[in-house]
Structure formats: structure tokens, C-alpha cells
There are 2 protein chains.
Amino acid sequence: MNKTRTSIVDIAHAAGVSKSTVSLVLQGSPLVNEKTREKVNALIGDLGYVYNRGAANLRQSKSKIIGIVVNDLTNSFFAELAVGMDMMVQSAGYVQFLAHSGESVDRQREVISSMRENGIAGLILSPARGTEASDIKPLADSGIPVVLVVRNVPGAKVSTLLSDNHAGAKAAIRHLISLGHRRIAFMGGFVDTAVFGERLRGYRDALAEADIPFNEKFVIHSAPSRAGGVAAVERMMVFAERPTSALCLNDAVAFGVCDGLRSNNIEPGKGFGIIGFDDVIEAKTAVPALTTVSVDPQGMGQRAAQLVLKQINAGQTDPESIVTSVRLVVRQSCGAPVKQLEELA
Amino acid sequence: MNKTRTSIVDIAHAAGVSKSTVSLVLQGSPLVNEKTREKVNALIGDLGYVYNRGAANLRQSKSKIIGIVVNDLTNSFFAELAVGMDMMVQSAGYVQFLAHSGESVDRQREVISSMRENGIAGLILSPARGTEASDIKPLADSGIPVVLVVRNVPGAKVSTLLSDNHAGAKAAIRHLISLGHRRIAFMGGFVDTAVFGERLRGYRDALAEADIPFNEKFVIHSAPSRAGGVAAVERMMVFAERPTSALCLNDAVAFGVCDGLRSNNIEPGKGFGIIGFDDVIEAKTAVPALTTVSVDPQGMGQRAAQLVLKQINAGQTDPESIVTSVRLVVRQSCGAPVKQLEELA
DNA sequence: CTTTTAATTTGGAACGTTCCAAAAAACAAG
DNA sequence: CTTGTTTTTTGGAACGTTCCAAATTAAAAG
């Protein structure tokens, strides 16, 4: 059954025209006569012809594939980011290679090189921790547009699409302060990422603004995941003087913090104020609904895709840096009057 | 800067050998002399050559790409499934097209045809609701192995990898019964999916086994998502005689149910017993830790990838049906003595 | 009916590989 | 130095497209 795939010349032969004509039809060229067009199109349907884009790509030395590498698909933030990209890419007539690096630079390197061999027109990368400029350079040098999302890579001369982490964190802390909080923790994340640095800076700046001294102990590192949030709470529970609220590195950590608090019989939002970062879909329906800095991951994915598509079409690779604005969405997770919190702490 | 990509003949020329020899080196053929191999390899590095797999694919009419279409990437179950596949595919030297259908058959059709044009060696599909056998047939007919995961498509003559939904649901209900529950709901999901049907059948069979009459009202439909879980609880709250526990269609619904209970001041696990389905990563760390039927999504993804890879290598497309076993993981979400629950209800 | 112009169609080369049969080079034996 | 054998290398065709310059056909004008 597995005879050779029917090609353009098969239909050409069947229709009694040349392969060039069929090619023209395929491209929707206006050069071709209406009657031949119909005949050819009919045959295409009948013979079950499927276009071989690979061959076309070879001839034109371009491709209709976009590479996307994301560091952690199991984190809903990145999953939504990917979905946003998927939508855009799809509707532009492209397909994606979509891979998961799992925060491993080696894996990331492999997957990027594999994508390159297979011929991508552009790459959107949410870089794994520890990615270096040299990991991206060869790609960019060969003229393939690269867009970095979410995280930056120092020294990489490519386009970036980042959210305004500093402003977001600052807004969050201001909110907590306005509610009367003074002992505010920063939970989750590792020092060596740009995102962490920027959000922490926003935290410190807002604190400084209100003349609240920075307390080293109140920044509690942990994995940027739900499990990490639980761990951070454990770490916090032994403090003599405990914080009354926390800004979390991201929503995943925030949910973990809720979990952790509950196992310590503290009701999140009532016994402790929590703010997340990202505004993942679950943030809205969670109980308590999470107050968080909305980054609109899906929208961000769309913009990243648009950017890379624009660069592909323009044939330009002049790096472009966009920082998307961000807004605080106040929900239920830090609703209680602070007086009460301080008594509990 | 964007000169023509360096090709096999460029290095051949530079090395003073023929393109055939370079090709041999690339394939790691033992035919070629050690010294020439070294020389060629050196040049490959120096000239920044990148293999054009597209050209090779064209010549050999095969490809090193696997298509994966998943209905909802934002659901952690599917995200983990995808990650499992990613691992396997990657380490077999393939790359994936990975796309999201968002439960839209139209979108699914488009994306599959796009993948086909781009040349895939196999397809793993977690079909959108309403997928018909005819959506898959052309692909399968053309000799490309297709593996259906998670959901089946009636009438499709392709391989499937499904979890044992019936047994899982039955085990869950038995567990609830053994804890003394008699008013047990089934929450989440729509009637028209096979998964729903199988799990519901397990639920009914276990009930029958214990001579508990089936109560139509206790199966509460809703979207199979976190939000759906919340909605289901709202629906339940107005019942005169409320259930004391529920088996949820999946973990996402279960989490939603927890959320919903909390907004009604019922503490999940204490005031109401909940069992999920899937055993997503968060199930373990959630509070209360979720009792759930473990499907091991990541492992399932791996198996699916293995299956499709096997079929690609074997060149066989004889459909194969695997049903993976499933086990109940008892954690905290239905821990309370039932007497107490019944008083509350 | 011839010429001019416009509309449509067409061979073949090219893209970067692999594969094959055959050539060339290196080595061994007589 | 032949001859035979083994090792290594090599042109060219092929994969399914696109593109171009040129050829053919149809229509319009004289």
C-alpha cells in the first residue's frame, strides 16, 4: 500500500499539463487559466495529493517552521505562554517545534541544534537557567531571528520580550504596605536569574520608599514551584519574628505558600497576606482568589510570536527590546486587616 | 552577512574530497579513512556547517519529526504527558511538532494537515472532543503510524494507549465505600467523551457491587477544569440531601471542588471526601494532599512515544491497543470519619 | 490573412542531501 | 613488475519543489 507519495508531476501528468503549471496553481497564481486551475484542483483532491513543504523549503531555502523552547512546560505560566504562541504561529500559516528544556542548558543546546538542522525560520526561547550568550550566537549570526521571552540572557544581542518585573513587584509591595503590612517577605526563586533579581529590586525599592528597613532574612529562597512555596513556609515558621505577608516569585510559589500555611493551620488571606506574580488562570478560581501581578502569559506569548514573525517577514534581525507592562490584580489573598495578623504572628 | 548557507559541497571543496565522501563522514560510515574523516570533521567545525536534514529527508523520503497534538496544554495532565513524550522523542534523535488543539476539531484538522505537509514520521494525538475516525484516516492510510492517547476515537483503526479508567474509578469508589460513604457524587466532565463514560461506568459498577442505588442527581456535569469543579460544588450545594464525598473526573476538577467547598466553609478532606483522577504533580503537595487515581501522565507520554517510535522503525502500522494500569494513591483528601461528615451534610 | 499584443504554458536548472555502480588508490602476494 | 585483493573515493542521478527565460496559444488590430 505504501507506494510512493503522489507528487506534483503525478497530477501534472493526469491533468495533461506541465508540473510548472501545477506549481502555479498551488501557489494561487493569477497567471493560470480558470479552466486548468479547476481541473488541477479537482485532481489534487482525487489523487489525495499532499504538498511537500520540505521540498519547497529546500528550493527556496526558507521555512515555515518556528522553533519554541520553553524551560518548564509543567508550569502553567509557561504552558499558557506556549498556547499564546501556538495560536499566533498557527494562524500565520506556520507550525512550531515546541520543546521543553527542563532548565537544562545541555538539553536546550541539543534541542536548538536539532531544530536548526531541521530548518527553522525563527526561534522563540525562554532560556533555561544558566544560558549563555554563546548558546544563541551561532543561530543569530546565521540570520535567524531569535526572540528571548520572560528571561533575558546577558550579552545576547537578540530581541527580547520581558515583563516589567520591577514595576510589578513595586506595585505589589506598595499594596501590602498600604494595607498596613510592615513585615513583608519575598518568597521563592534562586538568586541567579534575572527575573528574581528584578522582582527583588522592586521589592527593595518599594520598601525603601516607605522607610521600611530591608531584612535579609525575609527573602526566602526556594525552587520557583509549588513545592518550593511549601518549603519556603516551613523555613519561615521557625523565625522568632515572622512576616505577616509575602510577595511570591510567581503564582506557583504562591499556591505552595497557601498549601504550606494551611498545613500550619494558618488560613491564607486571613492569617497571612499573599501576593503572587503572573496571574495564571487558576489564580482567579483558587480559594482564596489570588491577588497577583498580572503578566498575561497568553498575551505575552502572542506578542512574542508576532515579534518573531515580523522579523522573519522583514528579513531584519535588528534586535528589539520590548517590556510589557503589568498590573496588580487585587483579589482575596491579602484581605484581612493587619492588626489581627500581627497578633497572630 | 546572510550569504548562502554552507553546504556539504563547500566542505568537500575545502577538504579536497568529493561531496560523497563528506556525506559518508556525516553518516559515520566506517568506509572512510581515518585521516580524511578528521580533516572533514575539522572543516565542519571551522566553517560552521549545519546539516540540512530537510534535504536528506527529501532524498530518503522519510523524516525525523514526530507530530504531537494535545487537546489542552494548560491542563497539567496534558502538559506532563507532553513532557514525557518530549523526553522520549528527543532522546531518540527526533524533534516534535507540538501543538494544542484547544478542543477544537477544526483547529486539530488544520494542524494535522500542516504537520503532514511538513513531513512527519508519526503522530501522537490526544484527540479533541468530537474527533471522528475520518479525521485520522487519510494519515493512517498513507502509512504514517498514529497513536491515540488518553481518549479513543470510535472506528479509528489505529493504535491506542489508554488508561484503565474503569478499574481506576471502581477502586476509588470502593475506597470511599470502605470509609463508610454511601452518598457519593461523580463530578465534572461532559457525557460525550469516552473517558467520562468509562469512569462513570466504574463508579456505577462499584456502587452496584455494594448495593448502593445509583442516584442520577449525584452525577454532576461540568467543564473538566478547575473552574468546572467550583461550578459543580455550587450546583451540589442546593441539594436537600447532599453527598458526603465525590469522585472527580480529574485532578483539575478535584482542586476546583476543594476551592468551591472552601468558599462554602466546608473543609475539603474533613467535611467532604474527595478523590481525583490522574495524579498530577500538584496532587502531592496540595493541602489537603489529594487522594487520587494515579495515571502517571509522564510515564504514559513516554510509552506513547515509544510505541510510535517502534512502529516507525518497524515500518508496520498494525494497530496495537495498550491499556495502562492505574492505582489508587491514598492521601489526605478523604481522611475524616464519615459519621462526622453525615452530621455536617 | 498577417501582424502585434496579451495571456498562458513549459522545459530545465537549482536547492542539499543520499545512494549506487564503478573508478582509483593502496596493499599483498607471486 | 604483474596480478589480485582490499580499502577508499567518486561522479551523477534522484527526491519534489520553485523559478526563469522562452515558447506556445489566444485575442486584438490592421
Side-chain angles (χ1 to χ4, degrees), chain A residues 2-41 43-44 47-65 114 116-121 142-143, chain B residues 2-41 43-44 47-65 114 116-121 142-143:
Chain A
N2 201 358
K3 41 182 65 178
T4 171
R5 200 171 168 175
T6 80
S7 85
I8 216 180
V9 337
D10 296 320
I11 31 182
H13 190 249
V17 298
S18 79
K19 60 183 166 31
S20 306
T21 306
V22 179
S23 173
L24 256 7
V25 173
L26 252 22
Q27 304 169 235
S29 161
L31 276 314
V32 28
N33 182 313
E34 200 47 49
K35 297 193 74 168
T36 38
R37 179 196 310 286
E38 278 169 15
K39 184 165 47 173
V40 168
N41 276 328
L43 263 325
I44 284 180
L47 302 191
Y49 165 76
V50 353
Y51 184 64
N52 184 336
R53 203 171 288 278
N57 289 347
L58 176 58
R59 172 62 228 252
Q60 312 182 100
S61 54
K62 62 168 193 144
S63 104
K64 285 292 219 173
I65 303 175
S114 172
R116 199 143 98 96
E117 287 187 356
N118 279 281
I120 51 180
S142 72
Chain B
N2 203 358
K3 41 182 66 178
T4 171
R5 201 171 167 173
T6 78
S7 86
I8 217 180
V9 337
D10 296 320
I11 31 181
H13 190 248
V17 298
S18 79
K19 58 181 168 31
S20 306
T21 307
V22 179
S23 173
L24 255 8
V25 173
L26 253 22
Q27 302 170 236
S29 160
L31 275 316
V32 30
N33 180 313
E34 198 49 47
K35 296 193 73 169
T36 38
R37 179 196 308 286
E38 278 169 17
K39 184 164 48 173
V40 168
N41 276 328
L43 263 325
I44 285 179
L47 303 191
Y49 166 75
V50 352
Y51 184 65
N52 185 335
R53 203 173 289 276
N57 289 347
L58 176 58
R59 172 61 229 251
Q60 311 182 107
S61 55
K62 62 168 193 144
S63 104
K64 285 292 218 173
I65 303 175
S114 172
R116 199 142 99 96
E117 287 187 357
N118 279 280
I120 52 179
S142 72

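Within every chain, numbering begins at 1; the chains are lettered A, B, ... in the order of the sequence lines, protein sequences first and strands thereafter.
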Self-check item: Side-chain donor-acceptor contact under 3.5 Å, A/T21 with A/S18
Solution: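 Judged by distance alone, the side chains do pair up.
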Quiz item: Is a side-chain donor-acceptor pair under 3.5 Å present for B/R53 with A/S114?
Solution: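 There is no such pair (donor and acceptor under 3.5 Å, judged by atom type) between the side chains of A/S114 and B/R53.
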Quiz item: After noting the C-alpha distance and the side-chain angles of B/V17 and B/V25, does the key distance pass the side-chain contact (heavy atoms from CB on, under 4.5 Å) rule?
Solution: CA-CA 11 Å; B/V17 298; B/V25 173; over 6 Å; no
Practice problem: Quick one: do A/L26 and A/Y51 satisfy side-chain contact (heavy atoms from CB on, under 4.5 Å)? Show the steps, please. | Solution: CA-CA 9 Å; A/L26 252 22; A/Y51 184 64; 4.1 Å; yes
Quiz prompt | Heavy-atom pair with the smallest gap, counting every atom of B/L47 and B/A14 | solution =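 Result for this residue pair: CD1-CB, 4.3 Å.
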Whole angstrom value for the distance that separates [atom2] of [N] from [atom1] of [X]:
X	N	atom1	atom2	value
A/H13	C/dG11	NE2	P	12 Å
B/N33	D/dT9	CG	C1'	10 Å
B/L31	D/dT10	CG	P	13 Å

Practice problem: In sequence, state the C-alpha distance, the side-chain angles, and the governing distance for A/V22 and A/L43, and then conclude on side-chain contact (heavy atoms from CB on, under 4.5 Å). | Solution: CA-CA 10 Å; A/V22 179; A/L43 263 325; over 6 Å; no
Practice problem: Could you check B/L24 against B/V40 for side-chain contact (heavy atoms from CB on, under 4.5 Å), going step by step and ending with a plain yes or no? | Solution: CA-CA 10 Å; B/L24 255 8; B/V40 168; over 6 Å; no
Quiz item: How large an angle, rounded to 10°, do the end axes of the helix from C/dC1-D/dG30 to C/dG30-D/dC1 enclose when each is built from five base pairs?
Solution: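 Rounded to the nearest 10 degrees, the bend comes out at 50°.
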Quiz item: Do any side-chain nitrogens or oxygens of B/S18 fall under 4.0 Å of OP1 or OP2 in D/dT9?
Solution: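 B/S18 to D/dT9 OP1/OP2: no side-chain N or O under 4.0 Å.
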Practice problem: Tell me, with the steps shown, if A/E38 and A/K35 meet salt bridge (charged side-chain N to carboxylate O under 4.0 Å, His left out). | Solution: CA-CA 5 Å; A/E38 278 169 15; A/K35 297 193 74 168; over 6 Å; no
Self-check item: Heavy-atom protein contacts under 4.0 Å, nucleotides 15-28 of chain C, coded B base, S sugar-phosphate only, - none
Solution: BBBBB---------
